Amino acid sequence: MHMHDINLLAVVAAAISAMIIGFVWYSPMLFAKRWTREMGYDPNDKAKMQEMQKSAGPAYLGSFIASLVSAFILALFLHWLHVQSLELGLLVGFHVWLGFVATVQLTGVLFMKQSMTLFAINTGYQLVCYLAMGTILAAWR
């Protein structure tokens, strides 16, 4: 399935990869406890944690839609730049993250007075997502 030489199945796969990365990144295996504390939640407050989990459905849906948009726009960049290799897919993914994601998130953190640890967790997740999406979109043309 192609639109303007964009492989829409690759876009969906890239968006799904971002969700999978998020499930692992923010799981107890990696950063769940630290992220929870940095967000100001008490991981031992079971009621609050259950309340947060109940409202996760709409957040996951919104996150998936945002991932679809990000993957599609990244696919457009790769198309316009005539990217033909995984290395260039990674490089474009990195530069999109650096120029548009990291800078915007840093500005938000500075004005909201959030911790640099929270910035590192959230922005690190986005970096891994953009590298994965760049790889998938460059490989599956």
Side-chain angles (χ1 to χ4, degrees), residues 1-4 6-141:
M1 194 178 341
H2 292 272
M3 182 173 92
H4 301 290
I6 303 295
N7 183 339
L8 296 179
L9 290 176
V11 169
V12 171
I16 290 170
S17 79
M19 297 300 294
I20 292 168
I21 292 165
F23 290 138
V24 174
W25 194 266
Y26 293 102
S27 76
M29 235 185 327
L30 292 178
F31 300 109
K33 287 184 182 179
R34 188 71 186 254
W35 180 85
T36 303
R37 281 193 304 268
E38 292 295 324
M39 288 293 294
Y41 298 115
D42 178 2
N44 297 320
D45 184 348
K46 301 294 183 200
K48 190 70 169 173
M49 296 306 292
Q50 286 177 342
E51 180 184 320
M52 189 171 70
Q53 289 171 344
K54 284 181 185 176
S55 66
Y60 287 137
L61 176 61
S63 180
F64 181 66
I65 292 168
S67 294
L68 280 170
V69 171
S70 295
F72 183 77
I73 298 303
L74 184 57
L76 283 175
F77 285 0
L78 296 174
H79 172 70
W80 293 332
L81 294 169
H82 305 287
V83 170
Q84 301 290 326
S85 70
L86 293 179
E87 294 83 7
L88 284 177
L90 282 167
L91 193 61
V92 172
F94 173 77
H95 284 105
V96 166
W97 168 82
L98 182 62
F100 300 107
V101 177
T103 54
V104 169
Q105 287 190 344
L106 178 61
T107 301
V109 164
L110 294 173
F111 280 96
M112 290 186 281
K113 307 244 187 279
Q114 293 176 332
S115 74
M116 290 309 290
T117 300
L118 185 60
F119 169 76
I121 292 169
N122 289 335
T123 307
Y125 158 69
Q126 291 293 331
L127 171 61
V128 174
C129 287
Y130 274 89
L131 293 175
M133 289 191 298
T135 300
I136 291 166
L137 295 168
W140 192 6
R141 301 190 44 77

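Being a predicted model, the structure only gives us computed values, none of them experimental. Counting begins at 1 with the first residue of the sequence.
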(message) So which atom in Ile136 and which in Ala10 form the shortest heavy-atom distance, rounded to 0.1 Å?
(response) CG2-O, 3.8 Å
(message) For the OG atom of Ser67 and the CD1 atom of Ile21, what is their distance to the nearest 0.5 Å?
(response) 9.0 Å
(message) Which heavy atom of Ser85 sits nearest to which heavy atom of Ala138, and what is that distance?
(response) O-CB, 3.5 Å
(message) Side chains of Thr36 and Tyr26 only: does a donor on one sit below 3.5 Å from an acceptor on the other?
(response) no
(request) Apply the test side-chain contact (heavy atoms from CB on, under 4.5 Å) to residues Gln114 and Glu38: give CA-CA distance (whole Å), side-chain angles for both, the deciding distance (0.1 Å), then the verdict. (result) CA-CA 8 Å; Gln114 293 176 332; Glu38 292 295 324; over 6 Å; no
(message) If we ignore hydrogens and angles and just use 3.5 Å, is the side chain of Thr103 paired with the main-chain N or O of Gly99 as donor and acceptor?
(response) yes
(message) So Trp35 and Leu30, do their side chains get closer than 4.5 Å, heavy atoms only?
(response) no
(request) Let me see the working for Val92 and Val83 under side-chain contact (heavy atoms from CB on, under 4.5 Å), right down to the final yes or no. (result) CA-CA 9 Å; Val92 172; Val83 170; 4.0 Å; yes
(request) Measure the CE-CG distance between Met133 and Leu137 for me, rounded to the nearest 0.5 Å. (result) 7.5 Å
(message) Could you measure the distance from the NZ atom of Lys33 to the OG atom of Ser27? Nearest 0.5 Å is fine.
(response) 11.0 Å
(message) Please report the interatomic distance CE(Met19) to CD1(Ile16), rounded to the nearest 0.5 Å.
(response) 9.5 Å
(request) Would you name the heavy atoms of Trp140 and Leu9 that are closest together and state the gap between them? (result) CZ3-O, 3.6 Å
(message) Is any side-chain heavy atom of His95 closer than 4.5 Å to one of Leu91?
(response) yes
(request) Taking the side chain as every heavy atom from C-beta outward, state whether Leu106 and Met116 have any pair of such atoms under 4.5 Å apart. (result) yes
(request) Flag the pair Ile6 / Val11 as yes when at least one side-chain heavy-atom distance between them is below 4.5 Å, and no otherwise. (result) yes
(request) Measure from the ring center of Tyr130 to the ring center of Phe100 and say whether it is less than 6.0 Å. (result) no
(request) Please name the pair of heavy atoms, one in Ala139 and one in Leu86, separated by the smallest distance, quoted to 0.1 Å. (result) CB-CD2, 3.3 Å
(request) Just say parallel, tilted or perpendicular for the rings of Tyr60 and Phe23, cut-offs at 30° and 60°. (result) perpendicular
(message) Apply side-chain contact (heavy atoms from CB on, under 4.5 Å) to residues Gln105 and Thr123 and explain how you reach the verdict.
(response) CA-CA 7 Å; Gln105 287 190 344; Thr123 307; 2.5 Å; yes
(request) Starting at SG of Cys129, measure out to CH2 of Trp25 and round the result to the nearest 0.5 Å. (result) 8.5 Å
(message) For the OG1 atom of Thr117 and the CG atom of Asn122, what is their distance to the nearest 0.5 Å?
(response) 11.0 Å
